[in-house]
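All figures in this text were calculated on a predicted structure; none of them were measured in a lab.
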Amino acid sequence: MATPAGLERWVQDELHSVLGLSERHVAQFLIGTAQRCVSAEEFVQRLRDTDTLDLSGPACDFALRLWNKVPRKAVVEKPARAAEREARALLEKNRSYKLLVDSEESSEETVGRAGSNLQKKHKKRKHLRKKRQEEEEDEEEEVSERGKRKRGGSKQTEKPESEDEWERTERERLQDLEERDAFAERVRQRDKDRTRNVLERSDKKAYEEAQKRLRMAEEDRKAMVPELRKKSRREYLAKREREKLEDLEAELADEEFLFGDVELSRHERRELKYKRRVRDLAREYRAAGEQEKLEATNRYHMPEETRGQPKYQLVLEEEETIEFVRATQLQGDEEPSAPSLPTQAQQKESIQAVRRSLPVFPFREELLAAIANHQVLIIEGETGSGKTTQIPQYLFEEGYTKKGMKIACTQPRRVAAMSVAARVAREMGVKLGNEVGYSIRFEDCTSERTVLRYMTDGMLLREFLSEPDLASYSVVMVDEAHERTLHTDILFGLIKDVARFRPELKVLVASATLDTARFSTFFDDAPVFRIPGRRFPVDIFYTKAPEADYLEACVVSVLQIHVTQPPGDILVFLTGQEEIEAACEMLQDRCRRLGSKIRELLVLPIYANLPSDMQARIFQSTPPGARKVVVATNIAETSLTIEGIIYVLDPGFCKQKSYNPRTGMESLTVTPCSKASANQRAGRAGRVAAGKCFRLYTAWAYQHELEETTVPEIQRTSLGNVVLLLKSLGIHDLMHFDFLDPPPYETLLLALEQLYALGALNHLGELTTSGRKMAELPVDPMLSKMILASEKYSCSEEILTVAAMLSVNNSIFYRPKDKVVHADNARVNFFLPGGDHLVLLNVYTQWAESGYSSQWCYENFVQFRSMRRARDVREQLEGLLERVEVGLSSCQGDYIRVRKAITAGYFYHTARLTRSGYRTVKQQQTVFIHPNSSLFEEQPRWLLYHELVLTTKEFMRQVLEIESSWLLEVAPHYYKAKELEDPHAKKMPKKIGKTREELG
DNA sequence: GAGCACTGC
């Protein structure tokens, strides 16, 4: 894949001697273009198109020589693409053939869907027949006439005598079509094979390797997705629904046989049957409701005394209760000498006493000796063992911070870094920000005196940019390493590298009891130091049988726990906002129905997007006699700790982001969680006393179906940012970078390709000047490119706002369930023609005009928290503008300039309107505008999107209308004029591409 | 006509 290093020099020399040109970028452009062209003709044509060289003179000869010399990777895929196009054209032909046949159907129909066409036709025919019966005979002729006309007047499609015969001929026709498609597929395959033979051996090998990986990835995905989805509730229900329907259909098929009556068509009968079924179900349901009501009133008269152990059987239907079996116990760490948790009195008495009571304390000397003897040490210890707060202090006391050296301790979360730093400062009796400080984005609470620095992992990563060898640090401690965040994983690779040539640097990797062996192997068999934690035992219960509807099961179990178990709060883990809201509603509803028969149950939701005042409610202490049930997302797994939780209810699912490097598409799917995260959840029950964890799956499922650990983030996310960072640290060979778990090859490749397209890397994969600037900005590469481009269009003020708004994750608009209409209205009020980016700009501007008011946010259904964050991001970016040599300027309402600047960053993400909806320009993938977009009903011809997400469809979120000519303006190296012309448009708008085409 | 878990720079 690498271009020979001497090539560029050769081209430059030639350019100089033949044409007297000496610009480097011309040489780069020529090589790049030559690499992408299939034939010399195309190359020359492209040079003509872009007007780079005057090809009338000796330059033409030179161009040919150059073309011969440049190795072309494009050759690998281009002919394949051509073959594909050809095959597509063939298919298209077939389609038009089919159009003749299925004259009533749109061109969208595929063979697979044609089955349903038959049904539609049945319906139509049935309708016609009815009419025929109703009306007189003379009309009959006209109807059949119309029928003929409708089928395109084609002679092949004469109307057969009977219904069945007609159906048969139709089937045969479809079969024929399928055969043709298969033929087209064969043609395409043959051409592909031929292309492959043309390749040189080395290219071929690489190509095949890539193909293999791609195939494997695809297969993996195919195999995994249904597997994962199968488990999601919605899918399960859908499947059940389908099965029900299938049963129904089978029944009907039997009946059809019995019914001698020709009058009823199959479809009619089916409808009838279905209606009957629905009616019966409704009856059953109503009857059940009556019964329930009856029982409820009966229960009301139950004497108080019977409410004892078996009470729940009275409150809950017997078939409603869920049977759990106790299987295992999460061992508490036995510590006979230690008094449970340090009480407040003790804390007041002496901070030092508390320090001494921590599990890590007895190991102080041993630990320090181990650190002195080994450069890298893996420390294994549960939360609560005091490793995060104590170890850096021990190191400080031992003198690791002399000679102005610092100790760094990284945390995956901002809050953790802040609170730990505050606590350590208190323990050491210094002011926060002096000897002990923290450093997180937007907030640097350190000074020159700071020697103990707590920071987020991303922050340390950024420090590598200014200090690649971490020269001012004597110790680096990576805490919570088992969480395997993206930043932690990158840090591992970098630190391992630094440690090699800085033998005096001490590296500590602190992790929970998980995977320490892997860390050890990664760091050349570094020793593992174990510290016992402090935790209470947790009994783990599993269900006897799998639960189909886990939401319902959750609600039932909560009530079950509430009525049968001793006091103590309950924590329920669900996957998302929607589910949490549903569960809370169900719980409250049931509690209301049960009324005073049960004790008070406080139902509290918690998820990240919940407004802060609602979030704060979960920390209020439970009133006496009541029980609190917190319904949470994963947020409660790591990010926040709720006191008083004794019971944990774990359905075993979580939402997980995954990334498809082939399409650059992210998706968020409900997946079974890993064993590690199940145990983490269970552990939440044992923080204040012995607890219980109820898992809504079987012990067998835990053993055999759950993954050991969650897939590390680095393998399921886009890596544009990371690659740029590593490149700017001088790491060129990313494929062989020492990753603890290497990301998929395709992900890296796509990231490199995108960076190349953005001009951050040159064709040799080296960082360019603009690439270096882009790495300075803490945003995604495309966003930073957009910011850099705003200089040219002098609209950096607006672009900064857009960038800031885009980087807060789609949580700008607040949409409470009970005020959906108002919220939507408020949103529509912000709409501006042009697209969602301008809407965001509009929201921010208005908010700024309101004086950054929270009241304004409340009135306009805008999330204040997100806006504040956007303001922080904007301020930070503004501060960095000078470093990347962009001046502050405003476009004064000329939004065309803003849109052009955005296009300059996002030209990679474009889609065009075709007859069959939107297609991405490069990958030719069918995509849709997100219904929340301001352009949802507009359907402009050319679009740019911020991101592509797969939910129910492939949606483009945050779209902007652009003109195709802008693409040539901002990315002439990436787009060919030819690509941008619109073959289907009747009226051609003015386009550079078109005029050039006409001239050339 | 959808429906976004959690972090981080």
Side-chain angles (χ1 to χ4, degrees), chain A residues 234 410-417 439-444 455-465 480 483-491 573-582 606-610 632-640 653-658 666-671 673 677 680 710 712-714 716-717 720-722 724-725 774-781 783-784 803-804 807-817 820 823-824 827 863 866 869 872-873 876-877 880 928-933 936-937 947 949-958:
Chain A
R234 198 180 293 176
T410 72
Q411 295 290 324
R413 276 168 294 280
R414 295 159 50 90
V415 188
S439 166
I440 56 179
R441 190 184 185 183
F442 312 129
E443 217 178 318
D444 188 7
M455 51 170 77
T456 44
D457 45 11
M459 207 65 196
L460 186 63
L461 211 53
R462 285 270 144 193
E463 287 216 350
F464 268 94
L465 273 180
E480 313 285 353
E483 283 191 29
R484 301 293 304 276
T485 66
L486 175 63
H487 292 153
T488 305
D489 267 22
I490 307 288
L491 274 181
F573 283 102
L574 291 178
T575 63
Q577 178 177 348
E578 200 182 342
E579 248 177 47
I580 288 176
E581 278 169 0
I606 175 100
Y607 44 86
N609 264 349
L610 195 74
T633 58
N634 260 356
I635 195 171
E637 200 176 298
T638 48
S639 304
L640 50 90
F653 291 99
C654 62
K655 261 186 192 161
Q656 233 182 32
K657 197 167 82 172
S658 51
E666 289 180 341
S667 48
L668 206 59
T669 36
V670 175
T671 52
C673 67
S677 111
Q680 175 79 21
T710 313
E713 192 184 358
I714 196 168
R716 17 175 206 105
T717 187
N721 228 341
V722 166
L724 188 59
L725 184 85
M774 282 162 68
E776 292 276 341
L777 299 170
V779 287
D780 276 338
L783 273 177
S784 44
S807 59
V808 300
N809 261 337
N810 292 304
S811 44
I812 301 287
F813 298 105
Y814 178 54
R815 201 164 178 265
K817 239 182 175 175
V820 170
D824 284 351
R827 198 164 52 87
Q863 296 228 37
S866 305
R869 206 185 132 72
D872 284 339
V873 175
Q876 190 193 23
L877 291 176
L880 288 167
F928 303 88
I929 300 183
H930 198 277
N932 277 354
S933 164
F936 181 62
E937 282 159 358
E947 59 182 352
V949 287
L950 177 71
T951 49
T952 49
K953 274 185 193 168
E954 290 86 351
F955 284 113
M956 300 180 277
R957 269 206 303 241
Q958 316 290 18

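The nearest whole Å value for the distance from the CG atom in A:Leu491 to the C1' atom in B:dG8 is 11 Å. As a whole-Å value, the separation of A:Phe653 CZ from B:dC6 C1' is 19 Å. Atom pair A:Met956:CE and B:dG1:P shows a separation of 15 Å (rounding to whole Å applied). For the pair A:Arg484 CZ and B:dC6 P, the computed distance is 22 Å after rounding to whole Å. In this entry the distance linking CD of A:Glu579 with P of B:dA5 reads 9 Å, nearest Å. The distance from atom CG of A:Leu725 to atom P of B:dG8 is 18 Å, rounded to the nearest whole Å. Distance CD1 (A:Ile714) to P (B:dT7): 20 Å, rounded to an integer number of Å. The interatomic distance linking A:Ile635 (CD1) with B:dA5 (P) rounds to 11 Å, in whole Å.
The side chain of A:Thr456 lies closest to B:dC9, out of B:dA5, B:dA2, B:dC9. Closest to the A:Gln577 side chain, of the nucleotides B:dA5, B:dG1, B:dT7, is B:dA5. Candidate nucleotides B:dA2, B:dA5, B:dC9 were compared by shortest atom distance to the side chain of A:Arg441, and B:dC9 ranks first. If you check B:dA2, B:dC9, B:dG1 against the side chain of A:His487, the one that comes closest is B:dC9. Each of B:dT7, B:dA5, B:dC9 was ranked by its minimum atom distance to the side chain of A:Glu713; first place goes to B:dT7. With distances taken from any side-chain atom of A:Arg414 to the nucleotides B:dG1, B:dC9, B:dA2, the minimum falls on B:dC9. Residue A:Arg413 has its side chain nearest to B:dT7 when only B:dT7, B:dA5, B:dC9 are considered. Among the nucleotides B:dT7, B:dC9, B:dA5, the one closest to the side chain of A:Thr633 is B:dA5.
How far CG of A:Leu877 is from CD of A:Glu776: 12.5 Å, rounded to the nearest 0.5 Å. Within the model, atoms CG of A:Leu491 and OG1 of A:Thr485 stand 7.5 Å from one another, a figure rounded to the nearest 0.5 Å.
Between A:Thr456 and the choices A:Ile440, A:Val415, A:Thr410, the side chain to side chain contact (heavy atoms under 4.5 Å, CB included) rule is met once, by A:Ile440.
Residue A:Ile440 is in sugar-phosphate contact alone, with no base atom involved, counting any heavy-atom pair closer than 4.0 Å across all strands shown. Within 4.0 Å (heavy atoms only), A:Phe955 reaches sugar-phosphate atoms of the nucleic acid but no base atom.
Side chains of A:Thr717 and A:Glu713: a donor-acceptor N/O pair is absent below 3.5 angstrom, by distance only.
Both A:Lys657 and A:Ser807 lie close to DNA chain B; mapped to their nearest nucleotides by heavy-atom distance, the more 5′-ward contact belongs to A:Lys657. Along DNA chain B, the nucleotide nearest to A:Leu777 and the one nearest to A:Tyr607 differ in position, and the one closer to the 5' end is contacted by A:Tyr607.
Between A:Glu579 and A:Lys655 there is no salt bridge, since none of the side-chain N atoms of the basic residue sits less than 4.0 Å from a carboxylate O of the acidic one.
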